Visitor: 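This is the structure I want to talk about, given as structure tokens.
Proteins come first, then strands; the chains are lettered A, B, ... in the order of their sequence lines, and each starts at number 1. Everything numeric in this text was worked out from a predicted model, so none of it was measured.
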2 protein chains.
Amino acid sequence: MPPALRPRSEVIELVMGVIRQHGYEGASISELSRATGLGKSSLYHHFPEGKDDMVRAVLEHLGEYLEQNLFTPLRGAGTPKRRLDLMMQGLDAFYRHGHESCALAQLVLSNTRARFSRPLTAIFTDWIDAIARVLVDAGLSKALAKQRAEDAVLRIEGALVLSGGLGDAGVFARTLQQLPALLLAPATSRR
Amino acid sequence: MPPALRPRSEVIELVMGVIRQHGYEGASISELSRATGLGKSSLYHHFPEGKDDMVRAVLEHLGEYLEQNLFTPLRGAGTPKRRLDLMMQGLDAFYRHGHESCALAQLVLSNTRARFSRPLTAIFTDWIDAIARVLVDAGLSKALAKQRAEDAVLRIEGALVLSGGLGDAGVFARTLQQLPALLLAPATSRR
DNA sequence: GTCTATACGTGGATAGAC
DNA sequence: GTCTATCCACGTATAGAC
């Protein structure tokens, strides 16, 4: 029994990288094998049901990653503004300044959505909730906080699409930069 | 020589439908053959270079479709508000109230982006320009108009992703509904 | 312009040795 | 837990008849 080449979490991250680039259908087992450095059989050892298992693992892992790296800091110390800025920094890194695409969007747009709708919805819901909580802390009503949090996620995903579409990562950068102030603006005179 | 089963434009629209659902990599020739009712050889007769040709045709066709059905009305008669409302109606129909996904987003997110970046960028640019012109007509500065037009497209694409992600088409509906007022709001106190 | 038949590669998946 | 070898299905693409 040779030792595992890489920890499972690392394999999952590499798989996610391939899916982000190629989407579900475009991510072939051969490519996943190459990217992870594991033979096909090894991949099937870790993910007996093949790509579906991999995607489930990716979504689970991504959920935990976001929870720890973005949502938890969002609940932490500091002013709401400061906490939102932290999330934007995290997103900027995760999406490589808008150059890396979003695995969630890939899965949502293709017809694989149905197969993974549960975990997908969970991640989006958690994300929105995490942002909304900061806005409530900042003094917004629950309803408005939720509305704006939804808008924030919507803008981030839209920015990733439009950045790619225009070939201008600046769209993503500006979106992240403007969001905190936009989210925290006083309730009147907006919307 | 049997007559063409369908006009070319109809074939292209059916091809686009498959790409919207499955993405570029997921759209197999067999499926495209089934969807269009044309044999594989017939497809290659119309699109000698295969899927790449089909995508180029789809983007060209889509560009014209948007021009005629959304951008031209945007330049037409009526108040800016009325013209924007018309575009939102068109989008609502085109995206089947948020249930149908966006071929552009599919192509942008996957690694096929590089191959079609020119026509993709052109479509997004034209779209933004068309909206910006209405906003200039409404009295906004050129700079602000362009900024907001960009934001509009960004929101529409984001809404399609988030609607799918949350399994709630209401997100898309609300986004379309709010956009005209948001775009036409007075220059002060926003952004 | 469309079809049937077919070639050939690649994709997903498994068997079995180590 | 990993590998090599292998299987079959499906994907892309072409040939050639009508």
Visitor: Restricting both atoms to N or O, compile the protein contacts to nucleotides 15-17 of chain D shorter than 3.5 Å, with distance only.
Guide:
| from | atom 1 | to | atom 2 | distance (Å) |
| --- | --- | --- | --- | --- |
| D/dA15 | N6 | B/Ser41 | OG | 2.4 |

Visitor: Nearest 0.5 Å, what's the OG1-CG distance between B/Thr175 and B/Leu160?
Guide: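 So the OG1 of B/Thr175 and the CG of B/Leu160 are separated by 8.5 Å.
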Visitor: On the nucleotide C/dT14, are OP1 or OP2 found under 4.0 Å from the side-chain N or O atoms that A/Tyr44 carries?
Guide: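 No, outside the criterion.
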Visitor: Map A/Ala27 and B/Leu38 onto DNA chain C by nearest heavy atom, then report which one ends up closer to the 5' terminus.
Guide: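 First, find each residue's nearest nucleotide; the 5'-ward one identifies B/Leu38.
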Visitor: Once rounded to the nearest 0.5 Å, what's the spacing between atom OG1 of B/Thr125 and atom CD of B/Glu150?
Guide: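 One gets 9.0 Å once the value is rounded to the nearest 0.5 Å.
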Visitor: Do any N or O atoms from the side chain of B/Arg113 and from the backbone of B/Leu120 form a donor-acceptor pair under 3.5 angstrom?
Guide: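 No, the answer is negative, given that no donor and acceptor are paired below the 3.5 Å cut-off.
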Visitor: Once you measure the plane-to-plane angle for A/Phe172 and A/Tyr95, does it fall in the parallel (<30°), tilted (30-60°) or perpendicular (>60°) bin?
Guide: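 Correct class here is perpendicular.
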Visitor: Send over the distance from B/Arg6 CZ to C/dT2 P, rounded to a whole Å.
Guide: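 Result: 10 Å.
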Visitor: Can you tell which of C/dT2, D/dC3, D/dG1 lies closest to the side chain of A/Leu5?
Guide: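 The answer is D/dC3.
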Visitor: What is the distance from NZ of A/Lys40 to P of C/dG12, rounded to the nearest Å?
Guide: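 So the NZ-P distance, A/Lys40 to C/dG12, works out to 8 Å.
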Visitor: Please report, rounded to the nearest Å, how far the P atom of D/dG1 is from the CZ atom of A/Arg8.
Guide: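 In whole Å, D/dG1 P lies 11 Å from A/Arg8 CZ.
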Visitor: Grab the CD-P distance between A/Glu25 and D/dT12 for me, whole Å please.
Guide: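 Answer to the nearest Å: 11 Å.
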Visitor: Atom CZ of A/Arg34 to atom P of C/dT10: distance rounded to whole Å?
Guide: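 To the nearest whole Å, that distance equals 15 Å.
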Visitor: Hey, what do you get for CE (A/Met87) to CG (A/Leu179), rounding to the nearest 0.5 Å?
Guide: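 It comes to 7.0 Å.
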Visitor: Does A/Ser42 make a side-chain N or O approach to OP1 or OP2 of D/dC3 shorter than 4.0 Å?
Guide: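 For D/dC3, OP1 or OP2 has a side-chain N or O of A/Ser42 closer than 4.0 Å.
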Visitor: What is the distance, rounded to the nearest whole Å, between atom NE2 of A/His45 and atom P of C/dT14?
Guide: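 One finds 14 Å between P of C/dT14 and NE2 of A/His45, rounded.
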Visitor: Just to be sure I understand the rule, does A/Ser30 reach a base, reach only the sugar-phosphate, or reach nothing, if contact means heavy atoms closer than 4.0 Å?
Guide: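 Sugar-phosphate only.
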Visitor: Rounding to an integer number of Å, can you tell me how far B/Ile29 CD1 sits from D/dA13 P?
Guide: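 Taking CD1 of B/Ile29 and P of D/dA13, I get 6 Å after rounding.
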Visitor: Drop me the distance from B/Ile29's CD1 to B/Leu38's CG, to the nearest 0.5 angstrom.
Guide: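 These two atoms lie 11.5 Å from each other.
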Visitor: Is any side-chain N of the basic residue among A/Arg133 and A/Asp129 closer than 4.0 Å to the acidic one's carboxylate O?
Guide: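 No, no charged N to carboxylate O under 4.0 Å.
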Visitor: Between atom CD in A/Glu31 and atom P in C/dG11, what is the gap in whole Å?
Guide: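 The distance from CD of A/Glu31 to P of C/dG11 comes to 9 Å, rounded to the nearest Å.
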